[in-house]
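Everything on this sheet refers to the single structure shown next.
Side-chain atoms are counted along with the backbone in the values below, which use heavy atoms only and exclude waters and symmetry mates. Not measured: the values here are computed from a predicted model. The residues of the chain are indexed from 1 along the displayed sequence.
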Amino acid sequence: MDKQCKDCGKTKDIESFYHNKKLNKHNQSYYHPECKDCTKLRTKTWRSNNPDRQRENNNRRDRTPKRIAEKRLHAKRPESKKKQKEWRESDFGKKYMSQFGKQRNEVKKHSISKEEWVNCKNYFNYECAYCGLKSEHHLVMYRGLEKIYDFCKDHFEDSGSNFLDNCIPACRKCNSSKWTFDFEEWYRNYDHFDEKRYRKIVKWIVQDHKQYILNNNNFKEE
């Protein structure tokens, strides 16, 4: 069975057209009027002319629970880990990661004192604010040995300040999972979501962190 493309006008085999299984107004599935080549060209042209909208669409798609689950599953595959390792060890990968890390650290490094950091962890009972992992159980593999590492100073809002009003203690797993996602969208769909911890995080960001800043004492939520 052949079909004529609406754009290029060429007659091609039906397999050269995308099949839309959604029913039309006649309750029938149908093939797109443009062939696959013309559809790909049109899509590529639109993306080139609308980079900002394409970036927004990609970010919106990456924040969906389905996409997050797919990325986690893909990252666990042996072939994926092998490709990631090969890329990181390549000259381009090393250069990119070095530049990316320096740029991000310059912008995303918290400017809080040791006392403020201790108070922040104390407020959350020395547990990861997101999953509840205790600090003494925050183990990281280093040179074949498990060692206790301090929590990450996570940014509640990725583009927010680098001060106490935007600092959350998080284990490496939660910090990596949250990445640059919006807190509300990410945590509501997170495996370790807890309503009590959610309210405590919001309360800290909205008002309780001010107690440490204004009074400079070890205020702790009862």
(request) For residues F163 and S111, report the shortest heavy-atom separation together with the two atoms involved. (result) CD2-O, 3.5 Å
(message) Less than 4.5 Å apart, side chain to side chain, heavy atoms only: is that true for F193 and R188?
(response) yes
(request) Before giving the answer on ring-ring contact (aromatic ring centres under 6.0 Å, His included), spell out for H32 and H19 the whole-Å C-alpha distance, their side-chain angles and the decisive distance to 0.1 Å. (result) CA-CA 6 Å; H32 284 264; H19 184 208; 9.2 Å; no
(message) Using only atom types and a distance under 3.5 Å, with no angle test, would you say the side chain of S176 pairs donor to acceptor with the backbone of R172?
(response) no
(request) Check whether any side-chain heavy atom of E157 lies under 4.5 Å from a side-chain heavy atom of D182, and answer yes or no. (result) no
(request) Determine, using the 4.5 Å side-chain heavy-atom cutoff (strictly less than), whether F151 and W179 are members of one ILVMFWY cluster. (result) yes
(request) Show your reasoning for whether side-chain hydrogen bond (donor to acceptor under 3.5 Å, both in side chains) applies to N58 and Q54. (result) CA-CA 6 Å; N58 290 340; Q54 177 63 27; 3.1 Å; yes
(message) Any heavy-atom pair between the side chains of C174 and S177 that's under 4.5 Å?
(response) no
(message) Donor-acceptor check, side chain of N50 to backbone of W46, threshold 3.5 angstrom: yes or no?
(response) yes
(request) Mark yes when over 12 heavy atoms from residues, nucleotides or ligands other than K36 sit less than 6.0 Å from its NZ; otherwise mark no. (result) yes
(message) For N166 versus I205, what's the shortest heavy-atom pair and its separation?
(response) CA-CD1, 4.2 Å
(message) Just verifying a value: how many Å separate D2 CG and I14 CD1, rounded to the nearest 0.5 Å?
(response) 8.5 Å
(message) Nearest 0.5 Å, please: how far is CG in N59 from CZ in F181?
(response) 8.5 Å
(request) Work out which heavy atom in K173 is nearest to a heavy atom in H192; give both atom names and the distance. (result) NZ-NE2, 3.8 Å
(message) Clusters formed by hydrophobic residues whose side-chain heavy atoms approach within less than 4.5 Å: which one holds I148, and what are its other members?
(response) L139
(request) Find the distance between CD (E34) and OG1 (T43) and round it off to the nearest 0.5 Å. (result) 9.5 Å
(message) Test your reading of the model: is there a side-chain donor-acceptor pair from D165 to the backbone of S161, 3.5 Å cut-off?
(response) no
(request) Identify the two heavy atoms, one from P169 and one from C120, that lie closest to each other, and give their separation to 0.1 Å. (result) CD-SG, 3.5 Å
Please tabulate, for side-chain N and O atoms in residues 3-13, each donor-acceptor pair with protein atoms closer than 3.5 Å (sequence neighbours left out).
| residue | atom | partner | partner atom | Å |
| --- | --- | --- | --- | --- |
| Q4 | NE2 | G9 | O | 3.1 |
| K12 | NZ | D37 | OD2 | 3.4 |
| D13 | OD2 | E15 | N | 2.9 |

(message) Could you tell me if the side chain of N125 sits less than 4.5 Å from the side chain of K200, heavy atoms only?
(response) yes
(message) Applying side chain to side chain contact (heavy atoms under 4.5 Å, CB included), can you list everything that pairs with I201, at least two apart in sequence or on another chain?
(response) F124, A129, Y130, F156, I168, F183
(request) Answer yes or no: is there an ion pair linking E56 with R53, defined by an N-O contact shorter than 4.0 Å? (result) no
(request) Please step through side chain to side chain contact (heavy atoms under 4.5 Å, CB included) for the pair Y18 and T39, ending with a clear verdict. (result) CA-CA 9 Å; Y18 286 109; T39 301; 4.0 Å; yes
(message) Keeping H137 on the side-chain end and E127 on the backbone end, is there a donor-acceptor pair under 3.5 Å?
(response) no
(message) What I want to find out is whether E116 reaches K153 closely enough, with some N-O distance under 4.0 Å, to be called a salt bridge.
(response) no
(request) Please lay out, stage by stage, how R55 and D52 fare under the test salt bridge (charged side-chain N to carboxylate O under 4.0 Å, His left out). (result) CA-CA 5 Å; R55 193 178 301 109; D52 294 336; 3.1 Å; yes
(message) For a quick test of reading the model, state the closest non-hydrogen atom pair linking K196 to D194 and the distance between them.
(response) N-OD2, 3.1 Å
(message) To the closest 0.5 Å, what do you measure between SG (C171) and CG (D150)?
(response) 12.0 Å
(request) Please examine the side chains of K203 and Y123, heavy atoms only from C-beta on, and report whether any two atoms are closer than 4.5 Å. (result) yes
(request) Return the minimal non-hydrogen interatomic distance between H155 and K178, and the atom names on each side. (result) O-NZ, 3.0 Å
(request) Supply the atom-to-atom distance L164 CG to N119 CG, rounded to the nearest 0.5 angstrom. (result) 8.0 Å
(request) Determine whether W204 and H209 make a side-chain contact, defined as any pair of heavy atoms from C-beta on separated by less than 4.5 Å. (result) yes
(message) Quick check for you: to the nearest 0.5 Å, what is the distance between C128 atom SG and K134 atom NZ?
(response) 12.0 Å
(request) Side-chain contact test, heavy atoms from C-beta onward, threshold under 4.5 Å: evaluate it for E184 versus Y198 and give yes or no. (result) yes
(request) Kindly check if the number of other-residue, nucleotide or ligand heavy atoms within 6.0 Å of CZ (R47) is above 12? (result) no
(request) Decide yes or no for W117 and C167: does some side-chain heavy atom of the first lie under 4.5 Å from some side-chain heavy atom of the second? (result) yes
